[in-house]
Structure formats: C-alpha cells, structure tokens
Protein chains: 2
Amino acid sequence: MTSTSSHAAIGIGELASRTHCKPETVRYYEKIGLLPAALRNEGNQRRYSEATVQRLMFIRHARDFGFSVEAVRELLDMADHPSQPCDQVDQLARRHLAEVESRLQRLTVLRDELQRTVAQCDGDSVAQCRIIEVLSDHRLCGHDTAHGGAEALR
Amino acid sequence: MTSTSSHAAIGIGELASRTHCKPETVRYYEKIGLLPAALRNEGNQRRYSEATVQRLMFIRHARDFGFSVEAVRELLDMADHPSQPCDQVDQLARRHLAEVESRLQRLTVLRDELQRTVAQCDGDSVAQCRIIEVLSDHRLCGHDTAHGGAEALR
DNA sequence: GCTTGAACCTCTAGTGACTACAGGTATTAG
DNA sequence: CTAATACCTGTAGTCACTAGAGGTTCAAGC
C-alpha cells in the first residue's frame, strides 16, 4: 500500500496533494493558526486525520471564493459553532460579494479604456503611438477620474 | 507667492499633490529607478522640474491602467525613444489587456457563484447555512473546477 | 534674530498570502 | 545498506507601496 488508505494518518505531502495546495502552505496555515498544531510521529513529522483534510478543503474553497485569510478564520469559527444563527456568515458573504462586484465594475471600466486605446494604435512610431499619448495625457482617455487601476486588480 | 509658479523648481510635497500620490511614493519610485535621482537644494531637499511632473503623471497613469511597475519601466523606456516603431508598446498593451480580460472572466464566474450561494441562505442556523455547506463541499457549487478565487483578485 | 510648526531627510519594518531556499533529518524502496 | 525522496526548521523574498522613528531644514510671524 502506498498512500490512500482511509483510516491511517497521512503525511503533509498527501494532505497537500489531496487539497490542491503545497506542503509549505499547510505549514503556513498551521503557523498562522488556521490549522491546529499537527500531531507528530516519532520522527517529528506531521500526521493528519481525515478531519484535517476536510478543514483544509474548507479553507481552500473559501480562499478560492476570494475570502481573505482573516475572513476564512471567521468562517471557520462560525462553522465550528453550528447551532448559532448564521446571520454573521451571511453578512460576511454579502460584504464579500459587494467587494467583488465593485472590483468587477472597476475592472470593466479599465478593460473598456484599454480596449479603446489599443484599438486606436496604428502601428507607426512611438512618437505617434496612441497608447503612449494617452498615458502621457490623462485628458485623452475616456473619462476624467482615475480608472481604479491597480486597486481594481487587488 | 506660495507654490504654483511655473518656472521654479518644486518640492516633493507639491510634486506629490500634483500627481495624486504621496512623497513616500515619489521617494520609492526614485529608489527603484522609475524616477531619476532628484536634484537637491543646499539643505539636501529634492527639487523637481516640470519634466518630472510629466514623467510622474505618466507613471501614475500607467499604474492606473493596471500596468505593473516593471511594465511601466518598459513603457517609459519606449516613450524615451520616440523615433522607434511602437510594436513593442502595442504588444505590451495587448498582453496587459488579455490579462485584464482573463481576470474579468474569472471574477465574473466568482461573482455568479457567490451570488447564487448567498441567495440560497435562508437565515437559519449555521448548521443549515447554505454558505457554510457550499464551502464545506465543493461539489455543491455550480461547477467542478476552481473559480479563480484569490488569483482573480490580483 | 528667534521661535515654532510644517515639511523634509534617511533607514527600517510592515502589509497579504504565500513561495523559495538552505541546511539538516526521517522514511522507504530496492 | 544505500540512495532517493519526503520531511523538518528558520529565514528571506515577492509586489507596490505605506508607516513610523528620529532627526534636519525651511518659511512665516513676532
């Protein structure tokens, strides 16, 4: 038998591969307290149970949804108290959704502007390049305020 | 006279306020070589000309368009050689546009999923909370691969 | 000329969420 | 028994700034 037996404790490598992350990330999550300190075998290597696989899948999935690590921490805490009302979960998720929607909007504006600018370049010298021109003079682009730019990408 | 005379050299504070950034950022750009080392007055304080205002506006505008600092470095380099053909500018901009479009797509998928999940929560206890449920089990969400998540937000 | 407060200086460290590496130990297949 | 692989700890690097400490210079008012 190599690995995927279902009752035995597993090592960090298998935990990582089963949750689509890396051993380094697992150790990092332990360090910042998203995962509890792992049990160790005689050789001081971490051994995990199925429960940890589940917890880590929850974490990865929440991160995949774009929740910050701090938000994931709160979500885990809530998930650990199933009898409480879920208003807080709901609020957290709605706030995150609003964030995502706002980013989406800014990114859309950015794309439109970029598309327009790129389309106007006629492939001549830099001196007449529309892209450089627009970057040099904000008045030349579609609207008067900032586009959201770097922030939209975060 | 306080500040905005047009021929005199200006200080870092005015440069910053005229380009919508902070003195710290200006010093940072100088340190990483986006701005040349500034001239100094007798008291060792940086003095800038209009040319620097223009250059910094270009930088901020490009950043606003979501270009990375490294891309901005290349764009500045190209803008400094106006007689060369602008293929490279064009390529850089198109690559960036493609990046933005991909992010946009992933973020849209994410939003849809989040919207659907949040809508299904009926405000009861955590034990029955749809949001927690979906986070606990990937199979419950709309599709089978990752949504792009944290990466979509960068 | 002197004082006061704002603006400036340098240098270091912190952010978020990992990732990568160095230098060593444990496990395991053959 | 050996060699390859997986694991360990601890530190530093990523990106694009931002914040702070601790000190200097400037400009205005008296």
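In what follows, chains are A, B, ... by sequence order, proteins preceding strands, each numbered from 1.
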A:L76 versus A:F58, closest heavy-atom pair with distance: CD2-CD2, 3.6 Å
Check ion pair A:R18-A:E14 (N to O, under 4.0 angstrom): yes
Lys/Arg-Asp/Glu bridge criterion (N-O < 4.0 Å) met for A:D90, A:R94: yes
C:dC18 OP1/OP2 closer than 4.0 Å to side-chain N/O of A:R27: no
side-chain N/O B:K31 vs C:dC11 OP1/OP2, d < 4.0 Å: no
Within the 3.5 Å criterion, strictly below it, is a donor on A:E99 or A:S102 matched to an acceptor on the partner's side chain? no
Each nucleotide of nucleotides 21-27 of chain D classed B (base within 4.0 Å of a protein heavy atom), S (only sugar-phosphate) or -, in 5' to 3' order, makes ----SS-
Whether the B:E133 and B:Q120 side chains hold a donor-acceptor pair (N or O, under 3.5 Å, no angle test) is what I'd like checked. no
Taking 4.0 Å as the cut-off, does a side-chain nitrogen or oxygen of B:Y29 come that near to OP1 or OP2 on D:dA16? no
Would B:R103 and B:Q105 count as having a side-chain donor-acceptor pair, cut-off 3.5 Å? no
Do the side-chain N or O atoms of B:R46 get closer than 4.0 angstrom to the phosphate oxygens (OP1, OP2) of C:dT10? yes
Quickly work out the A:I32 CD1 to C:dA17 P distance and round it to whole Å. 8 Å
Between C:dC8, C:dC18, D:dA16, which nucleotide gets closest to the side-chain atoms of A:R60? C:dC18
To the nearest Å, how far apart are B:I12 CD1 and D:dT18 C1'? 14 Å
Would you kindly give the CZ-to-P distance between B:R40 and C:dC8, to the nearest whole Å? 12 Å
May I have the distance from B:E30 (atom CD) to C:dC9 (atom C1'), rounded to whole angstrom? 12 Å
Using whole Å, report how far CZ of B:F67 lies from P of D:dC15. 18 Å
On DNA chain D, does the nearest nucleotide to B:K22 precede the nearest nucleotide to B:E70 from the 5' side, or the other way round? Give the residue. B:E70
d(CD1, A:I59; C1', C:dC18) in whole Å: 14 Å
Between A:D80 and A:R55, is there a side-chain N and carboxylate O pair less than 4.0 Å apart? yes
Spacing between B:E99 atom CD and D:dC15 atom P, to the nearest angstrom: 14 Å
Short side-chain N/O contact to C:dT19 OP1/OP2 from A:T25, under 4.0 Å: yes
Out of C:dC8, D:dA16, D:dC8, which has the shortest distance to the side chain of B:S68? D:dA16
What is the distance, to the nearest angstrom, from the CD atom on A:E14 to the P atom on D:dA6? 12 Å
Check every atom of D:dC17, C:dA17, D:dC8 against the side chain of B:Y28 and return the nucleotide holding the closest atom. D:dC17
Of all the choices, C:dC18, D:dC7, D:dA16, which nucleotide is nearest to the side chain of A:V69 once you look at every atom? C:dC18
Between B:E70 and B:R73, does any NZ, NE, NH1 or NH2 come within less than 4.0 Å of an OD or OE carboxylate oxygen? yes
